[in-house]
Structures are given as structure tokens and as C-alpha cells.
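These numbers were taken from a predicted model, which means no experiment stands behind them.
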Amino acid sequence: QVQLVESGGGLVQAGDSLRLSCAASGRTFSNYHMGWFRQAPGKEREFVTAISYNGRDTRYADSVKGRFTISRDNTKKMVYLQMGSLKAEDTAVYYCAASSGFWLGERSGDYNYWGQGTQVTVSS
């Protein structure tokens, strides 16, 4: 089992950068693919980015490609989301998620464990 705690959210201005962190507990963190999802008010939760268990494969939503970077440190049981060139439409609650599946997924259903989320607000 994995427990996830996000941090690093806040209020920033358009064009700024922000780094989110996700701290995981559990002995088998390095076996899990990790993902970030987000949910804006009145919208469904959407995929942002994911990274494979060993960090060799990453996926990005088209809306964040080139602006966001996911990384992980298995020794520290941490996942990071570096966000740059932030836009007002990036405003959402950001969730960290862990997947025990074989494939690196982009659907919410691919992920077994979720954090509580951290709010990111981008003012224009």
C-alpha cells in the first residue's frame, strides 16, 4: 500500500513557475508508476503527466507538454512536478497518484492510490 501527500501548491501569476512535490510512504514505492492529475472547478479530473516506475518513460498531456516536467527520486520516495509558463487555465487541484499496473497509464482508473490534492491558482 502507498500513501501520498502533495505539497507546493499556491497562488502564482501567469508566466510564473511552481514545483509540486509528492511524498510517498510504503516500502515498494519504486514498483509504482506515478502520475499527476488535476481537477478544475466544474470539470472532470484530467491527466497531466506520468512517469514509469524507473523514471525511464514519461507521458504528458498536450496542454502541458513543453511547460511541465515530471521527475522522481526513488531513494527519497518523492515525485515532482515542475510547472513553468503557468496559465490561468492551469488553475486546479493537483493530485498525485500511484499505479501498480503493468502499463504506464493516462486514465484515472489506471491508478490505485491517490493523494488529497494541492491547490494551484494562477492569476492573470
(request) Using the test ring pair (Phe, Tyr, Trp, His ring centres under 6.0 Å), find all partners of Phe37 that sit at least two apart in sequence or belong to another chain. (result) Phe47, Tyr111, Trp114

(message) Once salt bridge (charged side-chain N to carboxylate O under 4.0 Å, His left out) is applied, what residue pairs with a partner in residues 32-41 remain, sequence neighbours excluded?
(response) Arg38-Glu46, Arg38-Asp90

(request) With sequence neighbours excluded, give me every disulfide (SG to SG under 2.5 Å) pair touching residues 4-108. (result) Cys22-Cys96

(message) What's the separation between atom OG1 in Thr49 and atom OH in Tyr94, rounded to the nearest 0.5 Å?
(response) 11.5 Å

(message) Would Arg72 and Tyr32 count as a cation-pi pair here, with the cationic atom under 6.0 angstrom from the ring centre and within 45° of the axis?
(response) no

Once side chain to side chain contact (heavy atoms under 4.5 Å, CB included) is applied, do any residues pair with [X], and if so which ones, sequence neighbours excluded?
| X | value |
| --- | --- |
| Ser25 | Gln3 |
| Asn112 | Ser99, Ser100 |
| Ala14 | Val122 |

For the student: nearest non-hydrogen atoms of [X] and [Y], plus distance:
| X | Y | value |
| --- | --- | --- |
| Leu104 | Ala50 | CD1-CB, 3.7 Å |
| Ala24 | Val2 | CB-CG1, 4.1 Å |
| Ala40 | Thr91 | CB-O, 3.6 Å |
| Arg59 | Asp57 | NH2-OD2, 3.0 Å |

(message) Could you check whether any side-chain heavy atom of Leu86 comes within less than 4.5 Å of a side-chain heavy atom of Phe68, counting everything from C-beta outward?
(response) yes

Partner set under side chain to side chain donor-acceptor pair (under 3.5 Å) for [X], not counting sequence neighbours:
| X | answer |
| --- | --- |
| Lys43 | none |
| Ser124 | none |
| Thr69 | none |
| Thr121 | Gln119 |

(message) I'd like to know if Val48 and Val93 are part of one continuous hydrophobic network [Ile/Leu/Val/Met/Phe/Trp/Tyr, side-chain heavy atoms within less than 4.5 Å].
(response) no

(request) Could you state whether Leu4 and Tyr53 fall into the same hydrophobic cluster, counting links through intermediate Ile, Leu, Val, Met, Phe, Trp or Tyr residues with side-chain heavy atoms under 4.5 angstrom apart? (result) no

(request) Give a yes or no on whether the backbone of Glu6 and the side-chain of Tyr95 come within a donor-acceptor separation of less than 3.5 Å. (result) no

(request) Examine distances only and state if a side-chain atom of His33 and a backbone atom of Phe102 form a donor-acceptor pair shorter than 3.5 Å. (result) yes

(request) Using the side-chain hydrogen bond (donor to acceptor under 3.5 Å, both in side chains) rule, collect all pairs that involve residues 7-23, keeping only residues at least two apart or in two chains. (result) none

For residues 75-85, tabulate all N or O donor-acceptor pairs below 3.5 Å that involve a side-chain atom, not counting sequence neighbours.
{"from": "Thr75", "atom 1": "OG1", "to": "Asp73", "atom 2": "OD1", "distance (Å)": "2.4"}
{"from": "Lys77", "atom 1": "NZ", "to": "Gly26", "atom 2": "O", "distance (Å)": "2.7"}

